[in-house]
Trainee: 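Let me begin by handing over the structure; questions about it come next.
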Amino acid sequence: MIELEEVWKIYPKGQTGVEALRGVSLRIDKGEHLALVGPSGVGKSTLLYLIGLMDLPSQGKLRLFGHDPQALGDRERSRLRGRTIGFVFQSFNLLPQLRAWENVALPLKYAGLGFVERKRRALELLERVELADRAEHYPSELSGGQEQRVAIARALVVKPQLILADEPTGNLDRGSGRVVLALLEAANREGTTLIVVTHDPEVAARAGRRVRLRDGRIAEG
């Protein structure tokens, strides 16, 4: 499903640049639950963003769902990302001017669905994450745990093949964090591939596979 072969990511800086990833080779199969672990600054988020088509490798090969992202134009990559990948970030990334259901429905608007269908699917997902009674509330009226559950509903609304979660419990208390993990793991059990970046040993231990990065390289997994 996801294949990386000798992938490097070098960010321009000074004369030599910053090597965020150094020759990473990795295969991730459909339906896996994988945790990317390691200290800050070792390339975990960079790797996640490459897999999520938010950036491209400087060198090496990346294949996602049988596609070569480097051979696609910006619009084609955006379309592929929007159809197949759901994102969950530590900072929630909800739009403050939109109500909960509108935030969930936003990816469907970009996909070209009509208003009635967007709202129906958004309300269905909010019910699934037990927030149907908060559908008309704005992010400022929600707790951190509720905001993250809205973000998960937004990630699931496109029925993605892949969910990428970057420290999804980092801003939550333990109780809310476990609820969020349970929702992500439920999607994984239904067949969605789940990749989580985390510093939390408890979160990493719940994954079926752990890949440890060190200095931009895979040290384990």
Trainee: Measure from the side-chain N and O atoms of Asn188 to the backbone N and O of Gly31, and report whether any donor-acceptor pair falls under 3.5 Å.
Mentor: yes
Trainee: Give a yes or no answer on whether the side chain of Glu167 reaches the backbone of His199 with a donor-acceptor pair at less than 3.5 Å.
Mentor: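 Yes, Glu167 side chain to His199 backbone: donor-acceptor pair under 3.5 Å.
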Trainee: So, Arg63 and Glu5, do they make that salt bridge, N to O below 4.0 Å?
Mentor: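 No, no charged N to carboxylate O under 4.0 Å.
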Trainee: So how far is it from Leu184 CG to Ile195 CD1, rounded to the nearest 0.5 Å?
Mentor: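 CD1 of Ile195 is found 12.5 Å from CG of Leu184.
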Trainee: Given 3.5 Å as the limit, does a donor-acceptor pair link the side chain of Thr46 with the main chain of Ala20, or not?
Mentor: no
Trainee: Hey, is the main chain of Asp29 close enough, under 3.5 Å, to the side chain of Glu32 for a donor-acceptor pair?
Mentor: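 Indeed, once roles are kept as given, a pair shorter than 3.5 Å links the two residues.
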Trainee: Where the side chain of Ser176 meets the backbone of Leu172, is there a donor-acceptor pair that is under 3.5 Å apart?
Mentor: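 No; judged by distance alone, with no hydrogens or angles, the pair does not exist.
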Trainee: Side chains of Asn93 and Ser91: is there a donor and an acceptor less than 3.5 Å apart?
Mentor: yes
Trainee: Does Arg206 come within less than 4.0 Å of Glu185, counting only side-chain N to carboxylate O?
Mentor: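 Counted as a salt bridge, because a side-chain N and a carboxylate O are separated by less than 4.0 Å.
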Trainee: With a 3.5 Å distance limit and no angle check, can you tell me whether Lys44 reaches the backbone of Pro39 through a side-chain donor-acceptor pair?
Mentor: yes
Trainee: Looking at Glu102 and Arg99, is there a salt bridge between them, counting it only when a charged N and a carboxylate O are closer than 4.0 Å?
Mentor: yes
Trainee: Does atom CD of Gln70 have more than 12 heavy-atom neighbours, drawn from other residues, nucleotides or ligands, at distances under 6.0 Å?
Mentor: yes
Trainee: Say whether Val37 and Leu164 are linked into one hydrophobic cluster, either directly or through other cluster members, by side-chain heavy-atom distances under 4.5 angstrom.
Mentor: no
Trainee: Between Arg22 and Asp215, is there a side-chain N and carboxylate O pair less than 4.0 Å apart?
Mentor: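 Here Arg22 does not pair with Asp215 in a salt bridge, since their nearest N and O are not under 4.0 Å apart.
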Trainee: Hey, is the main chain of Leu56 close enough, under 3.5 Å, to the side chain of Lys9 for a donor-acceptor pair?
Mentor: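 Yes, the answer is positive, given that a donor and an acceptor are paired below the 3.5 Å cut-off.
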Trainee: Under a 3.5 Å distance rule, please check whether Glu76 uses its side chain to pair with a backbone N or O of Gly73 as donor and acceptor.
Mentor: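 Answer holds: yes.
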Trainee: Between Asp55 and Arg77, is there a salt bridge with N-O shorter than 4.0 Å?
Mentor: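 A salt bridge is absent here (no side-chain N lies under 4.0 Å from a carboxylate O).
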Trainee: Would you check if the side chain of Arg149 reaches a backbone N or O of Glu130 as a donor-acceptor pair within less than 3.5 Å?
Mentor: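 It does hold such a pair.
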Trainee: Under a 4.0 Å N-O cut-off, is there an ion pair linking Arg128 with Glu124?
Mentor: no
Trainee: Is there a donor-acceptor pair under 3.5 Å between the side chain of Ser25 and the backbone N or O of Glu6?
Mentor: yes
Trainee: So Val203 and Thr169, do their side chains get closer than 4.5 Å, heavy atoms only?
Mentor: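 They are in contact (side-chain heavy atoms under 4.5 Å apart), so the answer is yes.
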Trainee: Under the ring-ring contact (aromatic ring centres under 6.0 Å, His included) definition, can you give me all pairs with a residue in residues 114-146, not counting sequence neighbours?
Mentor: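 Pairs touching residues 114-146 that pass the test: Trp101-Phe115.
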Trainee: A quick test of your reading: do over 12 heavy atoms of other residues, nucleotides or ligands sit less than 6.0 Å from CZ of Arg209?
Mentor: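 Atom CZ in Arg209 is crowded, with more than 12 foreign heavy atoms closer than 6.0 Å.
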Trainee: Give a yes or no on whether a salt bridge exists between Glu3 and Lys30, defined as a side-chain N under 4.0 angstrom from a carboxylate O.
Mentor: no
